[in-house]
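These notes concern the structure reproduced below.
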Amino acid sequence: MNVSISDKWNEYLELIPRDYRDVYYTEEYVKLYESELDKAFCVICISNDNITMMPFLRRQVNDHYDFETVYGYGGPISNSYTDEWFQESLVAIEKFFLDNRYICGFIRFHPLIGSAELCKKQMEVILDRKTICIDMKPSVEDIWSGQISSKNRNMIRKAEKTGLEYFIEYDFESLDTFEKLYFETMRRLNADEFYLFDSSYFIKLKELFNNSSFLAGVKYDGKIIASAIFFVYESYGHYHLAGSDREYSSLGANNYMLWNTIKEMKRRGVEQFHLGGGTGSSEDDTLYKFKKSFSRNNINYYIGKWIFNSEEYNEVCEIWKRKYPQLVTRYGNRLLMYRYKGDK
């Protein structure tokens with residue numbers, strides 16, 4: 001059994017069956033999130049024809065390392081989900097991390113691939129929230145009548161009568177307008193810095209994913225009032241980032257945009273269109289309830305806390321708690337708590 005890490009791994013991703021790979025595991029996607037502190041790598045465990053792999057962002061912590069999977073989803077994926085192989089590969093990966101001075105890793109598990117359950121022996125796996133996924137295998141007519149709530153259908157009909165215009169761009173021509181809507185929305189929601197991307201992020205996304213992403217939105221009297229970036233990869237579609245003009249919230253622009261995007265996803269052969277969850281874990285969350293109006297097919301989203309060197313990890317955390325006692329209440333339950341500094 002051989003375990004290694006690499007900053008190039010797309011060739012290994014091709015060995016994973018179609019239903020177990022997604023855009024979030026590609027080199028291009030993970031490297032979107034590289035920074036001065038965070039570098040993209042993938043751990044790869046191989047034995048004969050079996051392979052388990054997991055991309056992540058690595059950061060230095062004193063003379064050690066930690067890691068986290070990127071914005072979106074991740075976690076270990078494999079071409080063999082037999083319990084014996086998967087557990088053996090995780091044990092080998094864990095030993096590799098310990099031997100190479102990693103203290104811990106934070107994982108955002110992909111809800112549709114479902115490897116979280118298989119990881120419970122190696123790490124703490126926690127249910128974070130529910131997410132919504134539209135089953136795209138039925139016809140468009142059956143999706144409309146069978147998954148979309150009656151109230152939502154009424155909103156979409158109202159939007160059509162109001163004269164809203166749906167548009168889709170594979171060249172991201174309206175990217176500047178999308179950025180403004182997105183940042184206005186994030187500020188309105190008082191979103192964490194984690195959700196605030198600079199312009200270079202969007203430019204790179206446009207360049208790297210021109211075949212597997214698109215920008216869609218809604219215009220009213222020629223003005224863009226809602227817009228979103230979507231991914232299409234293998235059998236999966238994803239609602240990635242979105243923004244809208246609050247002034248026009250009563251028009252149902254987001255409802256109208258998603259319904260028309262469902263039809264585009266269907267045309268592209270998507271089998272599962274994942275909308276994600278709410279801004280928090282509550283099922284009363286406004287965003288979650290909005291997404292739920294498109295399907296009652298909710299999927300559990302798990303996070304993983306994987307500690308390799310508990311002695312070193314505890315020491316780093318204790319130093320942070322003494323230095324930033326004012327941050328303990330807010331961040332003290334996070335695995336990577338020590339990354340938060342000052343008054344952030």
Side-chain angles (χ1 to χ4, degrees), residues 23-24 26-38 40 57 70-73 155-156 159-160 162-233 236-265 267-268 270 273-276 278-279 286-287 290-291:
V23 66
Y24 301 115
T26 63
E27 288 175 30
E28 294 81 3
Y29 184 83
V30 180
K31 289 180 180 181
L32 266 179
Y33 299 87
E34 282 192 317
S35 68
E36 290 184 8
L37 295 175
D38 300 300
L57 292 172
V70 290
Y71 176 91
Y73 307 109
M155 285 293 292
I156 295 166
E160 290 173 340
T162 307
L164 298 188
E165 176 190 352
Y166 175 78
F167 68 90
I168 185 167
E169 298 175 350
Y170 287 95
D171 60 0
F172 285 70
E173 182 181 350
S174 303
L175 184 59
D176 287 347
T177 304
F178 165 79
E179 280 191 61
K180 291 175 185 175
L181 287 172
Y182 177 73
F183 285 118
E184 285 171 7
T185 302
M186 292 301 102
R187 282 194 292 269
R188 190 167 71 239
L189 296 173
N190 196 28
D192 191 89
E193 285 186 22
F194 180 72
Y195 299 98
L196 303 179
F197 308 108
D198 59 27
S199 292
S200 65
Y201 169 87
F202 296 104
I203 293 168
K204 284 193 290 183
L205 189 153
K206 169 187 172 180
E207 292 172 349
L208 293 171
F209 298 96
N210 59 342
N211 292 320
S212 53
S213 68
F214 59 86
L215 183 70
V218 172
K219 295 179 181 179
Y220 181 64
D221 286 343
K223 178 183 180 181
I224 297 174
I225 62 172
S227 187
I229 294 174
F230 298 90
F231 280 114
V232 177
Y233 190 91
Y236 298 120
H238 293 281
Y239 186 27
H240 185 55
L241 300 173
S244 59
D245 191 327
R246 193 174 191 178
E247 183 181 343
Y248 301 91
S249 59
S250 64
L251 298 182
N254 288 313
N255 306 66
Y256 188 66
M257 176 175 65
L258 270 181
W259 167 240
N260 281 280
T261 302
I262 286 169
K263 291 187 280 188
E264 173 64 12
M265 291 288 184
R267 189 187 70 79
R268 294 283 299 265
V270 167
F273 181 15
H274 192 239
L275 304 185
T279 57
T286 303
L287 180 59
F290 166 72
K291 292 175 178 179

Query raised in the report: Under a 4.5 Å cut-off applied to non-hydrogen side-chain atoms, are F202 and L215 in contact?
Result: no

Query - Student check: side-chain heavy atoms of T162 and Y220 closer than 4.5 Å - result: yes

Query raised in the report: Can you find a heavy atom in the side chain of T261 that is under 4.5 Å from one in the side chain of Y239?
Result: no

Query - Neighbour count >12 (heavy atoms, 6.0 Å) for atom CZ, R246 - result: no

**Report entry** Heavy-atom closest contact (E28 atom, L208 atom, distance)
**Finding:** O-CD1, 4.0 Å

Query - Side-chain (E169) to main-chain (S174) donor-acceptor, under 3.5 angstrom - result: yes

**Report entry** Test item: K204 and F197 side chains (from C-beta on) under 4.5 Å apart, heavy atoms
**Finding:** no

**Report entry** Sub-4.5 Å side-chain heavy-atom contact between F167 and K219
**Finding:** yes

Query - Side-chain heavy atoms of E264 within contact of F230, under 4.5 Å - result: no

Report task. Would you check if there is a donor-acceptor pair between the side chains of Y33 and Y201 at a distance under 3.5 Å? Result -> yes

Query raised in the report: Heavy-atom count around K180 NZ within 6.0 Å, excluding the residue itself: above 12?
Result: no

Query - Heavy-atom closest pair, residues D245 and K223 - result: OD2-NZ, 3.5 Å

Query raised in the report: So, do F172 and I229 sit near enough that their side-chain heavy atoms are less than 4.5 Å apart?
Result: yes

Requested in this report: Check whether any side-chain heavy atom of Y166 lies under 4.5 Å from a side-chain heavy atom of K263, and answer yes or no.
Outcome: no

Query raised in the report: Near E173 CD, under 6.0 Å, is it more than 12 heavy atoms from other residues, nucleotides or ligands?
Result: no

**Report entry** Output field: ring centroids Y29/Y233 closer than 6.0 Å
**Finding:** no

Query raised in the report: Which residues pass the side chain to side chain contact (heavy atoms under 4.5 Å, CB included) test with A159, sequence neighbours left out?
Result: L164, Y256

Report summary line: Closest non-hydrogen atoms of K291 and L275, given as atom of the first, atom of the second and distance, are NZ-O, 2.7 Å

Requested in this report: Could you tell me whether Y24 and H240 have their ring centroids closer than 6.0 angstrom?
Outcome: no

Report summary line: All heavy atoms of S244 vs all of R188, minimum pair found to be O-NH1, 3.5 Å

Report task. Considering non-hydrogen atoms only, spot the tightest contact between K31 and A40 and give its length. Result -> CG-CB, 3.7 Å

Query raised in the report: Any side-chain donor-acceptor pair under 3.5 Å between Y182 and S227?
Result: no

